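These numbers were taken from a predicted model, which means no experiment stands behind them.
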Amino acid sequence: MIDLAAIQAARARLQGQVHKTPFTHSRTLSDILGAEIWLKFENLQFTASFKERGALNRMLALTPQERSKGVIAVSAGNHAQGVAYHAQRMGVPAVIVMPRFTPTVKVANTRRFGAEVVLHGDTFDDAKAHGYELVRERGLIMIHPYDDEAVIAGQGTLALEMLEDKPDLDAMVIAIGGGGLISGIATAAKAIKPGIEIVGVQTERFPSMYAAVKGASMTAGHYTIAEGIAVKSPGAITQEIVRRAVDRIELVSESDIEHAIVVLLEIEKTVVEGAGAAGLAALLRDQAEGGQRFHGKRVALVLTGGNIDPLMLGELIERGMVRAGRLARIRVDLRDLPGALAHATKLIADAQANITEVHHQRAFTALPVRNVEVDFVLQTRGPEHIQEVIDVLNAAGFAASNHDH
């Protein structure tokens with residue numbers, strides 16, 4: 001089995017080939033959460049994810065004969081880019097199998113590292129089956145994303161770096177997909193500091209490791225914003241390590257993760273993908289539910305990756321602004337008379353709110369004829385300011401209400 005020595009050996013092998021990413025204290029998050037929060041910025045790796053560590057450690061163990069045949073990975077995400085990039089650096093041919101509907105930007109990024117990309121199947125399982133066919137046909141070496149001892153040891157190097165920088169950590173909160181990352185981290189951290197608490201995080205939509213450890217039957221969903229940890233069946237090796245070395249697993253919702261992405265962007269000025277925000281999501285959720293599990297503790301979070309679609313990020317920012325009361329939609333009922341709309345917009349302007357959109361609705365309304373509904377999208381200072389605008393409109397005889405939800 002993987003032990004501390006294997007992870008220390010991986011650290012020596014990876015030296016100078018992957019970044020020792022910053023591990024810094026977040027004063028603002030610490031103040032918000034009532035704990036001492038330390039962030040490991042794996043989104044600053046060259047391919048913007050920790051996956052490089054495990055992939056490279058596995059590939060450095062290839063024999064000269066295996067290197068000449070080449071490697072293969074089945075992944076639509078960060079593992080694909082980690083394998084492709086380091087295979088290119090090592091001069092090893094790489095084949096990456098992805099489902100046919102993989103976003104073109106991910107395909108292009110992987111090809112950019114010189115890999116042969118094979119698009120096959122509608123689902124990840126179809127792609128995986130095809131990958132193993134290619135292993136048989138072409139004698140390629142499969143680099144598994146998580147269920148491989150060398151891959152797990154590579155991911156475990158993160159724990160060595162964090163405990164070197166901050167030896168008195170009390171807890172590490174780590175996202176779980178297939179379990180490679182948390183298995184490596186838990187193995188190293190518990191060997192160095194047996195009392196440290198290792199907490200896993202999964203999404204409510206993909207609770208595969210949580211269900212396996214609990215012996216429960218839980219069905220997976222179809223989609224999560226944290227696609228990096230959307231794994232339907234955890235690894236065999238990783239499951240055994242998680243049972244032994246992980247203290248507990250928390251589940252988070254989609255909105256928890258969305259909120260955490262926006263918080264990291266606003267407070268830390270750092271971009272993370274859904275899986276990269278899972279750890280913070282668990283802490284924010286615990287606090288929102290009145291929990292004290294992390295209160296006063298020194299807690300490490302790994303920002304596992306930063307590969308998020310810019311359009312999705314734009315949507316998340318807008319939704320975050322709505323949650324914070326900085327963007328509001330209010331509905332106002334007007335008489336359909338000249339000047340009524342102008343009067344309403346002047347009242348809104350006088351209340352210091354900025355109008356970004358106006359939707360004028362005559363037909364699709366239950367109001368009497370000659371009346372219209374107008375939805376205003378406003379930039380506001382917060383929930384109190386929204387209420388202030390509504391009060392001003394109501395006082396002037398307009399029926400106005402908050403129509404955010």
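Here the CG-CG distance, from L283 to L33, works out to 5.5 Å after rounding to the nearest 0.5 Å. Going from atom CD of Q379 over to atom CD of E357 covers 10.0 Å, rounded to the nearest 0.5 Å. The CD1 atom of I196 sits 4.0 Å away from the CE atom of M172 when rounded to the nearest 0.5 Å. Going from atom CG of L280 over to atom CG of L303 covers 8.5 Å, rounded to the nearest 0.5 Å. In this structure, CG on D165 lies 14.0 Å from NE2 on H25, to the nearest 0.5 angstrom. Distance CD1/I143 to NZ/K51: 13.0 Å, rounded to 0.5 Å.
Annotation for E318: atom CD does not count as buried by contact number, only 12 or fewer foreign heavy atoms lying within 6.0 Å. A 6.0 Å sphere centred on CZ of R326 holds no more than 12 heavy atoms belonging to other residues, nucleotides or ligands. Atom CZ of R67 has more than 12 neighbouring heavy atoms from other residues, nucleotides or ligands inside a 6.0 Å radius.
Sorted by first then second residue, the side chain to side chain donor-acceptor pair (under 3.5 Å) pairs that include residues 190-209, not counting sequence neighbours, are K190-D247, E197-R248, E197-K297, E204-R285. Listed by first and then second residue, the side chain to side chain donor-acceptor pair (under 3.5 Å) pairs involving residues 214-237 are T224-E254 (not counting sequence neighbours). Applying the ring-ring contact (aromatic ring centres under 6.0 Å, His included) test to every pair with at least one member in residues 82-102, sequence neighbours left out, gives these pairs: F46-Y85, Y85-F113. The side chain to side chain donor-acceptor pair (under 3.5 Å) analysis of residues 272-282, with sequence neighbours excluded, yields the pairs N78-E273. Counting only residues at least two apart or on different chains, the ring-ring contact (aromatic ring centres under 6.0 Å, His included) pairs with a member in residues 299-347 are H343-F398.
Between V231 and F124, every side-chain heavy-atom pair lies at or beyond the 4.5 Å cut-off. Side chains of T110 and Q81 form a contact here, defined as non-hydrogen atoms less than 4.5 Å apart. Between V262 and R319 the shortest side-chain heavy-atom distance does not fall below 4.5 Å. Residues I225 and L316 form a side-chain contact, since some pair of their non-hydrogen atoms from C-beta on lies under 4.5 Å apart. Under the 4.5 Å side-chain criterion, counting only non-hydrogen atoms from C-beta, F294 is in contact with V199. Between I390 and Q387 the shortest side-chain heavy-atom distance falls below 4.5 Å. V83 places none of its side-chain heavy atoms less than 4.5 Å from the side chain of R58. Side-chain contact between L265 and L313: present, with at least one pair of heavy atoms (C-beta onward) separated by less than 4.5 Å.
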Q.
Before you tell me yes or no, could you show the steps for T157 and V18 under side chain to side chain contact (heavy atoms under 4.5 Å, CB included), namely the whole-Å CA-CA distance, both residues' side-chain angles and the distance that decides it to 0.1 Å?
A. CA-CA 11 Å; T157 58; V18 297; 5.9 Å; no

**Q.** Candidate pair I72 and V97, rule side chain to side chain contact (heavy atoms under 4.5 Å, CB included), full reasoning
**A.** CA-CA 8 Å; I72 184 168; V97 185; 3.8 Å; yes

Q: Take V332 and F376 through the test side chain to side chain contact (heavy atoms under 4.5 Å, CB included) and record every step on the way to the result.
A: CA-CA 8 Å; V332 184; F376 292 99; 3.7 Å; yes

Q: Take L169 and L163 through the side chain to side chain contact (heavy atoms under 4.5 Å, CB included) test and state the conclusion after the steps.
A: CA-CA 7 Å; L169 287 170; L163 284 167; 4.2 Å; yes

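Closest approach of G325 to T380, counting heavy atoms only: O-OG1, 2.7 Å. Taking each heavy atom of N402 and I330 in turn, the nearest pair found is CA-CG2, 4.3 Å. In plain terms, the two heavy atoms of E250 and A282 that are nearest each other are CB-CB, 4.5 Å. When every heavy atom of A10 is checked against every heavy atom of A153, the shortest pair comes out as CB-O, 3.8 Å. G131 and V74 make their closest contact through CA-CG2, 4.0 Å (heavy atoms, listed as atom of the first residue, atom of the second, distance). A pairwise comparison of heavy atoms in G77 and S75 identifies N-OG, 2.9 Å as the closest pair.
Classification of D168 and K166 as a salt-bridged pair holds, one side-chain N sitting under 4.0 Å from a carboxylate O. No salt bridge links E161 with K20; every basic N to acidic carboxylate O contact stays at or beyond 4.0 Å. Between R89 and E52, no side-chain nitrogen of the basic residue sits less than 4.0 Å from a carboxylate oxygen of the acidic one, so the salt-bridge criterion is not met. In summary, R27 and D31 do not engage in a salt bridge, as defined by a charged side-chain N under 4.0 Å from a carboxylate O.
Applying the side chain to side chain contact (heavy atoms under 4.5 Å, CB included) criterion to A87, with sequence neighbours excluded, gives M59, V71, V92, A94. A search for side chain to side chain donor-acceptor pair (under 3.5 Å) contacts involving H360 returns R362, not counting sequence neighbours. Y146 is linked by a ring pair (Phe, Tyr, Trp, His ring centres under 6.0 Å) to H144, counting only residues two or more places apart in sequence or in another chain. Residues forming a side chain to side chain donor-acceptor pair (under 3.5 Å) with D286 (at least two apart in sequence, or on another chain): none. The side chain to side chain donor-acceptor pair (under 3.5 Å) test applied to R381 returns no partner, not counting sequence neighbours. Annotation: ring pair (Phe, Tyr, Trp, His ring centres under 6.0 Å) contacts of F23 (sequence neighbours excluded): W38.
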Taking distance alone, no hydrogens or angles, what donor-acceptor pairs closer than 3.5 Å link side-chain atoms of residues 174-182 to residues at least two apart or in another chain?
none

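Side-chain atoms of D336 do not come within 3.5 Å of backbone N or O of V372 as any donor-acceptor pair. Side chain of K40 to main chain of T21: a donor-acceptor pair is present (N/O by atom type, distance under 3.5 Å, no hydrogens or angles). A donor-acceptor pair is defined here as one N or O able to donate and one able to accept, closer than 3.5 Å; no such pair exists between the side chain of N394 and the backbone of D391. No side-chain donor-acceptor contact under 3.5 Å links T187 to the backbone of D3. With hydrogens and angles disregarded, a donor-acceptor distance shorter than 3.5 Å links the side chain of T356 to the backbone of V377. Judged by distance alone, with hydrogens and angles left aside, the side-chain atoms of S49 form no donor-acceptor pair with the main-chain N or O of G305 at under 3.5 Å. Q155 places a side-chain N or O within donor-acceptor distance of the main-chain N or O of G54, the cut-off being under 3.5 Å. Between the side chain of H385 and the main chain of A351, a donor-acceptor pair closer than 3.5 Å is present. Checked by atom type and distance alone, the side chain of N57 never pairs as donor or acceptor with a backbone atom of V151 at under 3.5 Å. The backbone N or O of H403 sits less than 3.5 Å from a side-chain atom of R329, completing a donor-acceptor pair.
A side-chain contact (heavy atoms from CB on, under 4.5 Å) with R244 is found for exactly one of V246, I241, V242, namely I241.
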